[in-house]
2 protein chains.
Amino acid sequence: MRIVVARCIVDYQGKLSAHLPEARRLLMMKADGSVLVHADGGSYKPLNWMSPPCWLTEEPPVDQESGELTSEAMIWVVTNKAGETLRITVLDIEHDSSHELGTDPGLVKDGVEAHLQELLSQRLDALGQGWSLVRREYPTAIGPVDILARDGRGQAVAIEIKRRGEIDGVEQLTRYLELLNRDSTIAPVRGIFAAQAIKPQARVLATDRGIDCVVLDYDELRGMDDVSARLF
Amino acid sequence: MRIVVARCIVDYQGKLSAHLPEARRLLMMKADGSVLVHADGGSYKPLNWMSPPCWLTEEPPVDQESGELTSEAMIWVVTNKAGETLRITVLDIEHDSSHELGTDPGLVKDGVEAHLQELLSQRLDALGQGWSLVRREYPTAIGPVDILARDGRGQAVAIEIKRRGEIDGVEQLTRYLELLNRDSTIAPVRGIFAAQAIKPQARVLATDRGIDCVVLDYDELRGMDDVSARLF
DNA sequence: CTGTTCATCTCGTAA
DNA sequence: TTACGAGGTGAACAG
């Protein structure tokens, strides 16, 4: 990885056009050819970048009109297969170093949506007494339903789980319910939209369609003994 | 901005748990307190990070069990208001430098959805003869429709514009049409789904619902003289 | 290979 | 401040 701190001008031409006026920035060239342009603020997203696979070439600092050499140190041009280009005009370099990092062993995660699904499928009693799991990832023609269960009265229930409950999730569950209710062997099927947090508009849409909303508490699901409130 | 290249172990505890085993990585500390941990590959997303506002403190390298100093150089602890923490155990430092970058003038973009909407509203003649704009961002109870227009026969048309036409865009337009068609002053309203590219499944769903699909050509809309083909 | 879904999404913008 | 939608979304996973 090569790290450069320099005054620079950056132009991206591709899916859109983007231009960065002259300023001092951090330029990161990774081993896979990708390039990142970072400012001293903002979050993890670079101001501008080129994703791999891509290739970096260096253009001589020739003025496009006069054809003469300019005072600029160099122009880096990064291109990918789709023809998108990132042009970095480097005006002066404050720091330049290269480092051998090797391949990274990678990130280990815990607590994503898959875990919520696993937990809830094991704790259907959190939804009410007598609930039973039919199966996780219950297949339909348009994709798998997160959980198919039966409630205390034996009626089929399709459960869609999200970390954050937004309108898209309600649409998704609606499509599943429409399909499942055509299947006479399990119809009628009702829906539950379960998430760690549910946006108001998503709740309104769900309610309008007769879908129940449930807010999941990760810690409560994880705790084996204490489920503070039955939902049904 | 401080740039450090070092062997390190990283642990994040917050919205989820994440762990990075020991390896050599680039650590970026920005002026706003945010920290990024980058490997020499992957795209622009860091392996691990903490977004601002947050604060970095340094812990002495004390072993948690024995209470004695360990051989580790130091532990950086980054915390935010929500109590999420990023702990970086720095084992040895290969590079360490600080740079004054100043505030960045920022990015200038061109070619996003807003431009498409602006262009199309000015070039409704690209859809057919005699079309007229009612208004952009036509308000409904569930949000504004991108464009409301009238076609050559005076019928109302709701146009939803996306850069990439996917299934949720069709769902969105469907909801608008349902609402608009309850309004007797403008009903019947038909729909047009306009995008630079439309995914096959989105096209199927749109067609099934009687919504016309239009592929927008950015350059063609921008050009004043030449509209190669009328769409209706 | 395409298509779909998740994300510590990030980021803008409007109410 | 919060809520919502777009993104050069990226990244993982299934078909």
For [X], all residues meeting side chain to side chain contact (heavy atoms under 4.5 Å, CB included), sequence neighbours excluded:
{"X": "K30(A)", "result": "M1(A), M28(A), D32(A), S34(A), L36(A), H38(B), D40(B)"}
{"X": "Q122(B)", "result": "E118(B)"}
{"X": "Q196(B)", "result": "L116(B), R163(B), Y218(B)"}

Would you call the rings of W49(B) and Y44(A) parallel, tilted or perpendicular if under 30° counts as parallel and over 60° as perpendicular?
perpendicular
Atom-pair distance ([atom1] on [X]; [atom2] on [N]), nearest Å:
{"X": "R164(B)", "N": "dT5(C)", "atom1": "CZ", "atom2": "P", "result": "14 Å"}
{"X": "L107(B)", "N": "dC11(C)", "atom1": "CG", "atom2": "P", "result": "12 Å"}
{"X": "E137(B)", "N": "dT13(C)", "atom1": "CD", "atom2": "C1'", "result": "11 Å"}
{"X": "E113(A)", "N": "dA11(D)", "atom1": "CD", "atom2": "C1'", "result": "15 Å"}
{"X": "E84(A)", "N": "dG7(D)", "atom1": "CD", "atom2": "P", "result": "14 Å"}
{"X": "K45(A)", "N": "dG7(D)", "atom1": "NZ", "atom2": "P", "result": "10 Å"}
{"X": "R175(B)", "N": "dC4(D)", "atom1": "CZ", "atom2": "C1'", "result": "12 Å"}
{"X": "E166(A)", "N": "dC4(D)", "atom1": "CD", "atom2": "C1'", "result": "8 Å"}

Quick one: which of dG8(D), dT5(C), dT4(C) gets closest to the side chain of K199(B)?
dT4(C)
Quick one: pull up [atom1] in [X] and [atom2] in [Y] and give me the separation to the nearest 0.5 Å.
{"X": "L26(B)", "Y": "R24(B)", "atom1": "CG", "atom2": "CZ", "value": "12.5 Å"}
{"X": "L119(B)", "Y": "L124(B)", "atom1": "CG", "atom2": "CG", "value": "11.5 Å"}
{"X": "M50(B)", "Y": "W55(B)", "atom1": "CE", "atom2": "CH2", "value": "10.0 Å"}

Would you check, one step at a time, whether the test salt bridge (charged side-chain N to carboxylate O under 4.0 Å, His left out) holds for E137(A) with R135(A)?
CA-CA 7 Å; E137(A) 302 288 348; R135(A) 73 165 288 184; over 6 Å; no
With salt bridge (charged side-chain N to carboxylate O under 4.0 Å, His left out) as the criterion, how do D146(A) and R136(A) come out once you've worked through the C-alpha distance, each side chain's angles and the decisive distance to 0.1 Å?
CA-CA 6 Å; D146(A) 285 340; R136(A) 289 167 58 187; over 6 Å; no
With a 4.0 Å cut-off on N to O distance, would you call E178(B) and R182(B) a salt bridge?
yes
Under 4.0 Å from any atom of DNA chain C, heavy atoms only: list the residues of residues 47-55 of chain B that qualify, in numerical order.
N48(B), W49(B), S51(B)
Counting only heavy atoms and a strict 4.0 angstrom limit, can you tell me which residues of residues 11-18 of chain A come near DNA chain D?
Y12(A), K15(A), L16(A)
Would you please test T79(B) and T85(B) for side-chain hydrogen bond (donor to acceptor under 3.5 Å, both in side chains) and show each step?
CA-CA 5 Å; T79(B) 316; T85(B) 58; over 6 Å; no
Can you tell me, in whole Å, how much space there is between the C1' of dA14(D) and that of dT8(C)?
25 Å
Please work out if P144(A) contacts a base, only the sugar-phosphate, or nothing of the nucleic acid, heavy-atom cut-off 4.0 Å.
nothing
What's Q201(B) touching, base or sugar-phosphate or nothing? Going by heavy atoms closer than 4.0 Å.
sugar-phosphate
Identify each atom pair where a protein N or O and an N or O of nucleotides 12-15 of chain D are less than 3.5 Å apart, giving names and distance.
none

Working note: R175(B) + E171(B), criterion salt bridge (charged side-chain N to carboxylate O under 4.0 Å, His left out); need CA distance, chi angles, decisive distance, verdict.
CA-CA 6 Å; R175(B) 292 194 297 272; E171(B) 297 284 16; 5.4 Å; no
